[in-house]
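What follows is a short report on a single structure.
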Amino acid sequence: MSLIFDIKRYAINDGPGIRITIFMKGCPLSCVWCHNPEGLSSRKQKLYTKKKCIGCRTCVDNCPQKALTLTPDGVVTDSSLCDLCGKCAEVCPAMAMEISGTEYSIDYLMKEIEKETVFMDRSEGGVTFCGGEPLLHPDMLLELLHRCGELGIHRVVDTTLYAKPDVVQKVMEHTELFLVDLKHMDSIKHKLYCGVPNELILSNLRMIADAGHEFYIRIPLIEGVNADEKNITRSAEFLASLPWQYHTVNLLLYHNIGKNKHEKLGTVYNPDHYPMETPSEETVRRCKDIFSRYGIDVIIGG
């Protein structure tokens with residue numbers, strides 16, 4: 001069974017209308033700027049927010065494995081003893097402890113999705129499957145997509161497209177829209193910043209476009225990574241070469257919100273200290289001008 005790390009209701013940036021978004025754990029990429037690092041691993045993880053901790057020892061006293069110790073630096077977990085049972089998160093009065101990753105049955109998820117249909121219907125919304133990478137879980141994803149389709153619920157898959165083409169093909173047959181991030185056109189730099197090359201991603205995107213399937217493109221715009229003129233020009237050239245009717249990209253301006261989540265996970269944000277900054281107004285304007293020359297509109301955010 002695949003793990004779910006979040007269920008977000010009333011989502012307005014994950015496709016058209018008001019949506020419910022299901023976040024699946026596990027991702028084949030490891031983008032250094034990832035703002036959902038709890039979605040990278042396919043396994044359960046514990047998050048600890050030190051500033052919320054009130055030092056009450058409730059978690060320490062209730063841990064079945066005696067894996068927790070209260071120190072001057074907060075609660076420390078002995079990972080060799082912790083079995084991620086979640087008792088600490090259950091009893092913490094300050095919600096300083098969280099467990100990321102829950103097993104839900106398909107029936108349970110469908111009930112949660114169906115609860116939101118009144119908002120979907122009024123806003124022409126639907127359900128979005130996100131991550132992590134939902135294409136890592138094709139069996140569960142396809143079953144959910146099939147059942148949503150039977151109910152006439154609009155289906156979106158938010159994906160890196162780093163997956164086998166046959167998986168993308170099967171999912172394409174059961175979804176109305178893909179949301180795809182285009183992170184970098186240079187494969188070597190893509191691997192440097194994201195952990196994998198980009199050839200498979202680009203070929204899958206072309207396959208979707210050639211099939212006439214609808215997709216939205218989002219570019220996480222990061223000064224020092226991909227906001228330079230060369231990369232933006234190559235991105236515009238590639239997108240303009242696709243048989244694509246929407247011809248709009250969403251530029252998502254860099255922020256480091258993932259840093260706080262890494263601290264909660266006990267992991268390190270941007271461990272190699274790559275220079276990453278929010279692009280200036282001048283950079284954003286230049287990017288918009290480049291896309292405009294290729295007949296592509298730009299939306300900031302969303």
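One is the number of the first residue; the rest follow in order along the sequence.
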CA sep, side-chain torsions, deciding dist, call: Thr102, Leu3, side-chain contact (heavy atoms from CB on, under 4.5 Å): CA-CA 5 Å; Thr102 303; Leu3 296 179; 5.9 Å; no
Side-chain H-bond candidate by donor/acceptor type, Asp297 with His247, under 3.5 Å: no
Shortest non-hydrogen contact from Glu176 toward Ile153: OE1-O, 3.9 Å
SB check Asp186 Lys230 (cutoff 4.0 Å): no
Side chain to side chain donor-acceptor pair (under 3.5 Å) between Arg206 and Ser241, worked out: CA-CA 9 Å; Arg206 185 168 290 281; Ser241 74; 2.8 Å; yes
Same apolar cluster (I L V M F W Y, side chains within < 4.5 Å links), Met185/Ile219: yes
Residues in salt bridge (Lys or Arg N to Asp or Glu O under 4.0 Å) contact with Lys25, at least two apart in sequence or another chain: none
Minimum heavy-atom distance Gly74-Tyr48, with the two atoms named: CA-OH, 3.4 Å
Connected-component partners of Ile222 among ILVMFWY, side-chain separation under 4.5 Å: Val32, Trp33, Leu192, Tyr193, Val225, Tyr254, Tyr269, Tyr274, Met276
CD1 on Ile113 to SG on Cys148, rounded to 0.5 Å: 4.0 Å
Polar contact flag, side-chain donor to acceptor under 3.5 angstrom, Glu223-Thr283: yes
Intermediate values then yes/no, salt bridge (charged side-chain N to carboxylate O under 4.0 Å, His left out), Glu116 and Arg9: CA-CA 8 Å; Glu116 308 302 314; Arg9 294 169 174 80; 3.2 Å; yes
Neighbour count above 12 (heavy atom, 6.0 Å) for Glu124 CD: no
Residues in side chain to side chain donor-acceptor pair (under 3.5 Å) contact with Ser41, at least two apart in sequence or another chain: none
Pair Leu40-Glu38, side-chain contact (heavy atoms from CB on, under 4.5 Å): steps then yes or no: CA-CA 6 Å; Leu40 296 176; Glu38 71 274 36; over 6 Å; no
Point-to-point distance, once rounded to the nearest 0.5 Å, from CZ of Arg155 to CZ of Phe178: 10.5 Å
Would you be so kind as to tabulate the donor-acceptor pairs closer than 3.5 Å made by side chains of residues 211-218, with sequence neighbours excluded?
{"from": "His213", "atom 1": "NE2", "to": "Met172", "atom 2": "O", "distance (Å)": "3.1"}
{"from": "His213", "atom 1": "NE2", "to": "Thr175", "atom 2": "O", "distance (Å)": "2.7"}
{"from": "Arg218", "atom 1": "NE", "to": "Asp181", "atom 2": "OD1", "distance (Å)": "3.2"}
{"from": "Arg218", "atom 1": "NH2", "to": "Asp158", "atom 2": "OD1", "distance (Å)": "2.8"}
{"from": "Arg218", "atom 1": "NH2", "to": "Asp158", "atom 2": "OD2", "distance (Å)": "2.8"}

Working for salt bridge (charged side-chain N to carboxylate O under 4.0 Å, His left out), residues Glu112 and Lys115: CA-CA 5 Å; Glu112 294 302 300; Lys115 289 178 185 178; 2.8 Å; yes
Single-linkage hydrophobic cluster Met97~Val60, side-chain heavy atoms < 4.5 angstrom: yes
Separation between CG of Leu182 and CZ of Arg234, rounded to the nearest 0.5 Å: 10.5 Å
Atom CD1 of Ile257 with >12 non-hydrogen neighbours under 6.0 angstrom: no
Criterion side-chain contact (heavy atoms from CB on, under 4.5 Å) on Val168 and Ile208, from CA distance to verdict: CA-CA 8 Å; Val168 178; Ile208 290 171; 4.0 Å; yes
Non-neighbouring partners of Glu199 that pass side chain to side chain donor-acceptor pair (under 3.5 Å), sequence neighbours left out: Ser187
Set of side chain to side chain donor-acceptor pair (under 3.5 Å) partners for Ser235, sequence neighbours left out: none
Residues which pass ring pair (Phe, Tyr, Trp, His ring centres under 6.0 Å) with His174, listed by chain and number, not counting sequence neighbours: none
Residues that Ser123 engages under side chain to side chain donor-acceptor pair (under 3.5 Å), provided they are two or more places apart: none
Spatial distance of atom CD1 (Ile99) from atom SG (Cys85) [nearest 0.5 Å]: 7.5 Å
Considering all heavy atoms, the nearest Lys183-Asn226 contact: O-ND2, 2.9 Å
Closest non-hydrogen atom pair between Asn250 and Gly301, with its separation: ND2-O, 2.8 Å
Min side-chain heavy-atom separation Asp14-Val156 under 4.5 Å: no
Same apolar cluster (I L V M F W Y, side chains within < 4.5 Å links), Val268/Leu265: no
Closest approach of Cys59 to Val91 (non-hydrogen atoms, all atoms of both residues): CA-CG2, 4.0 Å
Interatomic distance, Cys53 atom SG to Leu70 atom CG [nearest 0.5 angstrom]: 6.5 Å
Single-linkage hydrophobic cluster, 4.5 Å side-chain cutoff, Leu141 and Leu161 together: yes
Pairing residues for Lys111 by the salt bridge (Lys or Arg N to Asp or Glu O under 4.0 Å) criterion, not counting sequence neighbours: none
Spacing of CD1 belonging to Ile20 relative to OG1 belonging to Thr128, to within rounding of 0.5 Å: 10.0 Å
Audit row: Ser105, Asp107, side chain to side chain donor-acceptor pair (under 3.5 Å) steps and yes/no: CA-CA 5 Å; Ser105 69; Asp107 286 341; 5.3 Å; no
Nearest atoms (heavy-atom pairs only) where Pro279 meets Leu253: CG-CD2, 3.8 Å
Any pair counted as side chain to side chain donor-acceptor pair (under 3.5 Å), so long as it reaches residues 60-72, sequence neighbours left out: Arg57-Asp61, Gln65-Asp83
CD/Glu277: more than 12 non-hydrogen atoms of other groups inside 6.0 Å: no
Counterpart residues, salt bridge (Lys or Arg N to Asp or Glu O under 4.0 Å), relative to Glu133 (two or more places apart): none
Using residues 285-296 as the side-chain source, report each donor-acceptor pair under 3.5 Å to any protein atom, sequence neighbours left out, with the distance given to one decimal.
{"from": "Arg286", "atom 1": "NH1", "to": "Ala227", "atom 2": "O", "distance (Å)": "3.3"}
{"from": "Arg286", "atom 1": "NH2", "to": "Ala227", "atom 2": "O", "distance (Å)": "3.3"}
{"from": "Tyr294", "atom 1": "OH", "to": "Glu237", "atom 2": "OE2", "distance (Å)": "3.2"}

Single hit among Asn204, Leu135, Val196, Asn198 for side-chain contact (heavy atoms from CB on, under 4.5 Å) with Tyr162: Val196
Cluster check Leu136, Leu29: I/L/V/M/F/W/Y, side chain < 4.5 angstrom: no
Stepwise side-chain contact (heavy atoms from CB on, under 4.5 Å) check, Gln169 with Lys164: CA-CA 9 Å; Gln169 180 69 46; Lys164 294 180 179 179; over 6 Å; no
